[in-house]
Amino acid sequence: KGDSGLSEINLMKNKVSALEGQLRALQASFTKYQKVATFPGGRIVGNKVFVTSGYEGNFDDLKQRCLQAGGQLASPRNAAENAAVQQIAVLYKKSVFLGITDIQTEGRFKYQNGEAIVYSNWAPGEPNNDKGSENCVEVYTNGKWNDKSCGEKRLIVCEF
Ligand code: 289
Ligand code: CA
């Protein structure tokens, strides 16, 4: 019994060290694919990955494309996430539509899940609902937000 107990422990040790090797290999492969996924138009903030394909379209088009890809339109919830979206806007020299609208109730901006926004970075004087028809939100290359007509075409940035 004593000997078979020892050999069982050794078998377990071998299994653990094999698993440790596999984990290291997986971590290295994950790090590599994070680089692939974020080159050049992607940014990682915590658990979120923001990424563009370079496509430009209206709000409904962009929203569908992010959902189809298994993500959603970028919805920055803090300054670090907004900075990531801004960096992508700068890279492509284009403003970006966020996954935030006041379509349901004028002046009450919400994420696509219906939650009221917890963070904003409005440009001075915004949101102004210009001509009574601005229910979407664009991020300028300076990181500031403007409410804008959802029918305009802007750069896609999805979050995953
Ligand atoms: O159609 C008006 C928009 O292009 C923008 O014009 C000005 O930049 C500001 O009035 C913005 O608020 C507005 O969204
Ligand atoms: Ca506006």
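For this chain, numbers begin at 1 and follow the sequence in order. As the structure is a computational prediction, the values presented were derived from the model and not from experiment. Both counts, for ligands and for their atoms, begin at 1 and track the order of listing.
Taking backbone and side-chain atoms together, D130 has no N/O/S atom less than 3.0 Å away from the Ca ion (ligand 2). Among the backbone and side-chain atoms of N129, no N/O/S atom is found under 3.0 Å from the Ca ion (ligand 2).
Residue W145 forms a ring-ring contact (aromatic ring centres under 6.0 Å, His included) with just one option from Y140, F109, F97, Y119, and that option is Y119.
The protein non-hydrogen atom at the shortest distance from atom 8 (O) of ligand 1 is Y140 OH, 4.4 Å. In terms of protein heavy-atom proximity, atom 13 (C) of ligand 1 is nearest to E134 OE2, 3.3 Å. Considering only non-hydrogen protein atoms, atom 11 (C) of ligand 1 sits nearest to E126 OE2, 3.2 Å.
The N, O or S atom of E134 with the smallest distance to the Ca ion (ligand 2) is OE1. For E126, the N, O or S atom closest to the Ca ion (ligand 2) goes by the atom name OE1.
Neither side chain, N58 nor K153, offers a donor N or O lying under 3.5 Å from an acceptor on the other. Under 3.5 Å, the side chains of N129 and E134 contain no donor-acceptor pair of N or O atoms.
The shortest side-chain heavy-atom distance between R65 and Y55 falls under the 4.5 Å cut-off. Between Q87 and V90 the shortest side-chain heavy-atom distance does not fall below 4.5 Å. Proximity of Y92 to I88: side-chain heavy atoms (C-beta onward) are separated by under 4.5 Å at one or more points.
For atom 6 (O) of ligand 1, no protein heavy-atom neighbour is present inside the 4.0 Å cut-off. Protein non-hydrogen atoms do reach within 4.0 Å of atom 3 (C) of ligand 1.
Side chain of T31 to main chain of Q27: a donor-acceptor pair is present (N/O by atom type, distance under 3.5 Å, no hydrogens or angles). N135 places no side-chain N or O within 3.5 Å of a backbone atom of I103 that could act as its donor or acceptor partner.
Within 6.0 Å of NZ in K48 there are more than 12 heavy atoms belonging to other residues, nucleotides or ligands.
Which parts of ligand 1 touch D130 is read off a 4.0 Å heavy-atom cut-off, strictly below it: atoms 1 (O), 2 (C), 10 (O). Set against the non-hydrogen atoms of D147, the atoms of ligand 1 under 4.0 Å away are 14 (O).
Inclusion of N128 in the set of residues having an N or O under 3.5 Å from an N or O of ligand 1 is warranted.
In this comparison of E138, K131, E152, the heavy atom closest to atom 1 (O) of ligand 1 sits on K131.
The Ca ion (ligand 2) is the vertex of the angle joining OD1 of N146 and OD1 of N128, which measures 140° to the nearest 10°.
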